[in-house]
Number of protein chains: 2
Amino acid sequence: MSDRLAKDALFDGFAEVAKAFANGRRAEIVDVLAQGERHVDDIAAEIGQSVANTSFHLRALASAGVVVTRREGTRVYYRLASDRVGDLWAAVRAVAAEHFERLDDLAAAYLGDRDQLEQVSREELVRRLADGDVIVIDVRPPSEFAAGHIAGSRSIPIDRLARQLRNLPDDVEVVAYCRGPYCVFADEAVRLLRRRGRNARRLEDGFPEWREAALPTEIGAAS
Amino acid sequence: MSDRLAKDALFDGFAEVAKAFANGRRAEIVDVLAQGERHVDDIAAEIGQSVANTSFHLRALASAGVVVTRREGTRVYYRLASDRVGDLWAAVRAVAAEHFERLDDLAAAYLGDRDQLEQVSREELVRRLADGDVIVIDVRPPSEFAAGHIAGSRSIPIDRLARQLRNLPDDVEVVAYCRGPYCVFADEAVRLLRRRGRNARRLEDGFPEWREAALPTEIGAAS
DNA sequence: GCACTCTTCAAGTGTATCCTTGAGGAGGCT
DNA sequence: AGCCTCCTCAAGGATACACTTGAAGAGTGC
């Protein structure tokens, strides 16, 4: 069976794709790009690495075919190669959450205690949006909001929330959302709002899951 | 932001899961286990590695939570921890097929030329099975057939097909299936059958996809 | 006890990984 | 053109990890 070599080579090929995700920093990059395209500088700041190192990891992702680039002037924008890549990233998180023992501890260490944090399901939010008795705030960075957001949501990046609080009507419930279940922005937003006596909850997951569910989205920066 | 360390640790955790898939031999193991549970000896033979090395890789998979074990007498059976793991494996293959450039060459080198090979979709096979004008043969090893197979199919492992050919009625089309789109068993079966003048095609993918689509299956060895 | 199966250990080999630094190239602005 | 910004690339160092094998050990059944 000399097929053995060919078979091994084929499966080594599949393993190459998995290797692209087999590094924490690259996983962070994929998580960021799942929100929409970003340029290198921006990504580097986001993951707390040098630009050179970020470029290095982006190259690793690109040579596995997982991300693609677009040039605009002096900037280079990276994005996930297709929705399939987002699906793969979601599958990795799902398996980790369900089967990887240490993950609960790691998540708890990063996310803190979520027991007090009430969540809203996508279904409920759709209904509430239709009824118009809720304000949805997108607490991600402006560039992610611009690349796509929940239709009818309002961009209030988490680091500006405290200052913009007074512009929010105080007789309506606020629902905050961000990148997904492992993102802390919405958590922080809800905690801040509740400390100020507001009625606030977070969306159970984030924008990529909303888009994946084919629910209404919009594109474009805040006016 | 000392959250940085906690965030990095969390994403390193996700990367751990990806690492389980980031080796060709482990990918082969996952592919085999996607068919159903198997014992160590069996898996080692299947992937052409020593038992010790196979045990080593199985341990790597187990400590990422991707596979679980069951003891039966002196044998230890491994299986995928849940359907989510199968989904992840499918997602890896989908991304590789769609975006990883070299994959086409690797697949061609292992699978050979598939141009002559006609395929049957799951939908069509369901209809034909209902009409009863087709024979479906499962050309995987007997242990995989026993762990689960398409309802109404017949187990004829590929290495016994030539001898059992005379037992197949020759006025009905034969559809062969095996592990999935990257498995050669069904290809070989179809080629053999057509050389003998039979009307034969292969199922577009394999048993795991059939089960995933919630189509009728059966469990148990051939009588 | 003995046979069978699987795990583990020690050991060797090889090589990949990750990040930093500094230079260099591509594109745009004045 | 000259300069600036942004990104890529090559080199290097520190580190370690990944993979495999052979032999010994441990669990189970007869």
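Letters A, B, ... mirror the listed sequences (proteins, then strands); counts begin at 1.
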**Request:** State, yes or no, whether a side-chain contact exists between Leu193(B) and Leu165(B) at a heavy-atom distance under 4.5 Å.
**Result:** yes
**Prompt:** Rounded to whole angstroms, how far apart are CG on Leu58(B) and P on dT20(D)?
**Reply:** 13 Å
**Item:** Heavy-atom protein contacts under 4.0 Å, nucleotides 8-24 of chain C, coded B base, S sugar-phosphate only, - none
**Value:** B--------SSBBB---
**Asked** Which whole-number value in Å describes the distance from Asp41(B) CG to dT5(C) C1'?
**Response** 7 Å
**Request:** Assign the ring pair Trp89(B) / Phe14(A) to parallel, tilted or perpendicular, where the plane angle (0 to 90°) is split at 30° and 60°.
**Result:** perpendicular
**Message:** Applying the side-chain contact (heavy atoms from CB on, under 4.5 Å) criterion to Val66(A), which one of Ile29(A), Leu33(A), Leu61(A), Leu88(A) satisfies it?
**Reply:** Leu61(A)
**Fill in**
note: Arg75(B), atom CZ; dT7(C), atom C1'; distance rounded to Å ~ 15 Å
**Request:** Please name the residue in the list His149(B), Glu204(B), Glu209(B) that meets the side-chain contact (heavy atoms from CB on, under 4.5 Å) test with Tyr177(B).
**Result:** His149(B)
**Item:** Whole-Å distance separating the CZ atom of Arg70(B) from the P atom of dT5(C)
**Value:** 16 Å
**Message:** Donor-acceptor check, side chain of Glu101(A) to backbone of Gly65(B), threshold 3.5 angstrom: yes or no?
**Reply:** no
**Prompt:** Are any of the side-chain nitrogens in Glu188(B) or Arg191(B) under 4.0 Å away from the carboxylate oxygens of its partner?
**Reply:** no
**Prompt:** When the distance from CG of Asp42(A) to P of dC6(D) is rounded to whole Å, what number comes out?
**Reply:** 11 Å
**Request:** Could you check if a side-chain atom of Cys183(A) sits within less than 4.5 angstrom of a side-chain atom of Gln35(A), using non-hydrogen atoms only?
**Result:** no
Atom pairs, protein N/O to nucleotides 27-30 of chain D N/O, distance under 3.5 Å:
none

**Message:** With a 4.5 Å cut-off on side-chain heavy atoms, are Val174(B) and Ile137(B) touching?
**Reply:** yes
**Message:** Check the phosphate of dC7(D) against His39(A), side-chain N and O only, distance under 4.0 Å to OP1 or OP2. Yes or no?
**Reply:** yes
**Complete:** For Ser82(A) and Glu98(B) the tightest heavy-atom approach is OG-OE2, 3.5 Å
**Prompt:** Within the structure, does a side-chain N or O atom of Tyr78(A) lie under 4.0 Å from either OP1 or OP2 of dT8(D)?
**Reply:** yes
**Message:** Would you say Tyr77(B) places a side-chain N or O within less than 4.0 Å of OP1 or OP2 belonging to dT5(C)?
**Reply:** no
